[in-house]
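What follows is a single structure, written as structure tokens, with notes after it.
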Number of protein chains: 2
Amino acid sequence: MTIAEEDYLKVILKLELAQEELHARVTTNQVAEVIQTKPSSVTDMLKRLKEKSLVDYIKYKGIKLTGAGRKQALCLIRRHRLWETFLVEKLGLSWKTVHPVAEQLEHVHSDELLERLDEFLGHPAFDPHGEPIPNGEGKLPGCDGELMTTVKAGKNYTFMGIKEPTDTLLSYLDKIKLNIGSIFHVQDVEAYNGSVELEMGGKVCFLTYDVANKLVVKVNEKHENKN
Amino acid sequence: MTIAEEDYLKVILKLELAQEELHARVTTNQVAEVIQTKPSSVTDMLKRLKEKSLVDYIKYKGIKLTGAGRKQALCLIRRHRLWETFLVEKLGLSWKTVHPVAEQLEHVHSDELLERLDEFLGHPAFDPHGEPIPNGEGKLPGCDGELMTTVKAGKNYTFMGIKEPTDTLLSYLDKIKLNIGSIFHVQDVEAYNGSVELEMGGKVCFLTYDVANKLVVKVNEKHENKN
DNA sequence: AATTATTTTTAGATTAATCTAAATTTATTT
DNA sequence: AAATAAATTTAGATTAATCTAAAAATAATT
């Protein structure tokens with residue numbers, strides 16, 4: 001498995017997940033756009049990936065990952081997000097700068113390294129950008145989470161991840177010190193405009209509906225009766 | 001700088017350092033032997049490296065690194081050894097297995113990553129195999145160390161590194177729990193056969209001349225009057 | 001439905017890194 | 001010093017990954 005092949009698989013998976021209409025096939029041009037290459041180069045690569053049974057590719061009809069291809073792609077995303085977590089949590093790099101470095105690290109092949117790294121980081125479920133980290137079996141966590149727009153006043157929650165992370169949103173969360181893993185208490189949900197009032201480590205913060213609607217949270221049963 | 005180019009530079013530096021007669025030029029066949037490739041492939045690569053002013057290559061006459069080439073090669077060795085240290089010290093992998101993983105990690109390009117990793121590891125001077133880690137300026141540490149065959153009874157030393165590490169020697173040192181960084185007290189040096197008796201954390205151990213002659217140590221002024 | 005536009009694929013080149021086989025240069029030995 | 005052996009280089013191919021330009025297929029529009 002070459003670096004180029006791995007890059008293509010990852011891009012195809014991301015396009016499949018982002019696809020508007022479910023089960024629609026990813027197109028040659030979509031891939032070329034993301035990889036920043038010519039469609040003809042994509043066609044060449046697709047033939048090679050098909051040869052290896054990593055994609056189901058039909059001329060002029062688009063692409064779909066096979067089971068094996070999907071598994072590989074999820075492994076790459078797992079590696080990428082674990083490395084990003086390491087770079088930010090352990091080495092203190094900024095989440096703004098780690099992507100290109102993780103882009104290189106994700107191509108390092110070693111199952112044992114990956115396992116140990118995961119353990120070293122405490123089996124994190126989300127990376128510093130709030131993206132879920134697939135587990136060893138390729139399953140994404142936090143699928144049982146809910147958006148912060150559905151929380152109930154009086155309950156406690158853990159902040160799990162971000163739905164569609166953008167740099168501006170991440171910067172904002174940095175500023176108000178709302179970090180992944182934070183536990184908070186919902187003081188109030190404003191029925192009028194859906195804004196949420198939280199209490200977190202003694203400090204209070206307000207979130208608009210638009211922000212709350214990007215944040216994935218999980219009820220924290222254990223801390224239910226904290227206040 | 002491609003991965004292949006980096007691999008060649010590293011091999012050439014290692015051959016230069018291991019050269020019997022100083023200033024002798026590294027040969028095409030030597031490189032081919034180490035890289036496990038054909039001499040003709042080496043010739044091709046040497047032309048490319050010469051083009052980039054990384055080696056001083058004269059047809060039929062052999063190779064020498066230029067200043068720039070040497071700097072690059074030292075950076076690669078630095079990366080390799082820092083990663084090996086990370087893998088063993090932080091992730092708990094065995095020094096027996098880390099080489100091929102570090103071989104991949106050393107090709108990750110990021111100055112900031114390297115700086116932070118070095119800091120995270122506490123600026124180590126030797127890797128888990130006892131090899132010295134070049135610093136940011138490409139200088140090798142422990143050049144002021146001495147071999148354990150020159151120690152004086154009654155003094156305290158720190159175990160810095162290993163002269164020519166082999167798996168069997170490393171395993172032996174593991175077994176007698178003599179680790180890099182260990183501080184020990186020299187109880188006695190046997191004039192008859194040069195064997196050395198050490199005391200280390202209350203335990204005593206004997207080393208033959210042959211073993212002691214591979215171990216790099218440094219007088220530990222601060223602990224001079226421990227006993 | 002016919003035409004136009006868009007998407008996708010093919011054909012043919014290019015570059016890095018490798019190979020084999022043959023030619024050349026240097027080293028070694030009679 | 002001539003002959004032989006060894007090391008090195010060249011010439012010509014090969015593979016992965018890319019490109020450009022042209023051809024073919026699909027989609028959109030009149």
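Residue numbering restarts at 1 for every chain, and letters A, B, ... go by the order of the sequence lines. Keep in mind that what you see is a predicted model, and the values were worked out from it rather than measured.
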Can you tell me the distance, in whole Å, between the CD atom of A:Gln36 and the C1' atom of D:dT18? 14 Å

Nearest whole angstrom, please: distance from the C1' of D:dA17 to the CD1 of B:Ile3. 14 Å

Name the residue closer to the 5' end of DNA chain D, choosing between B:Ser41 and A:Glu5 according to the nucleotide with the nearest heavy atom. B:Ser41

If only side-chain N and O atoms of A:Tyr60 are considered, is one of them under 4.0 Å from the OP1 or OP2 phosphate oxygen of C:dT6? no

Rounded off to whole Å, could you give me the CD-to-P distance for the B:Glu51 and C:dT15 pair? 13 Å

C:dT26, C:dA17, D:dT18: which one has an atom nearest the side-chain heavy atoms of B:Thr2? C:dA17

If you assign each of A:Lys59 and A:Tyr8 to its closest nucleotide in DNA chain D, which residue comes earlier from the 5' end? A:Tyr8

In whole angstroms, the gap separating P of C:dT8 from NZ of A:Lys47 amounts to 14 Å

Do the side chains of A:Glu106 and A:Arg81 get close enough for a salt bridge, i.e. N-O under 4.0 angstrom? no

Please give, in whole Å, the distance from D:dT10 C1' to B:Leu46 CG? 14 Å

Can you find a side-chain donor-acceptor pair between A:Glu103 and A:His99 that sits under 3.5 Å? yes

Counting only side-chain nitrogens and oxygens, does B:Thr37 get under 4.0 Å of the OP1 or OP2 atom of C:dC19? yes

How many Å lie between CD on B:Glu6 and P on C:dA17, as a whole number? 11 Å

Per the atom types in the model, does the base of D:dT8 pair as donor or acceptor with the side chain of B:Ser40 at under 3.5 Å? no

Taking NZ from A:Lys61 and C1' from D:dA24, how many angstroms apart are they, rounded to a whole number? 13 Å

What's the closest nucleotide to the side chain of B:Asn29 if the choices are D:dT9, D:dT18, D:dA7? D:dA7

Scan residues 15-36 of chain B for pairs that pass salt bridge (Lys or Arg N to Asp or Glu O under 4.0 Å), counting only residues two or more places apart or in two chains. B:Glu16-B:Arg70, B:Arg25-B:Asp56

Side chains of A:Ile176 and A:Leu207: does their closest heavy-atom pair fall under 4.5 Å? yes

Length of the line joining A:Met45:CE and C:dT9:P, which is rounded to integer Å: 15 Å

Determine: side-chain N/O of A:Arg48 to OP1/OP2 of D:dA16, distance under 4.0 Å, yes or no. no

Using only heavy-atom distances, decide whether a donor-acceptor pair under 3.5 angstrom links the side-chain of A:Thr27 to the base of C:dT8. no

Please pick, from C:dT10, D:dT18, C:dT18, the nucleotide with the shortest atom-to-atom distance to any side-chain atom of A:Ala4. D:dT18

Below 30° counts as parallel, above 60° as perpendicular, anything between as tilted: where do the rings of B:Trp95 and B:His129 land? perpendicular

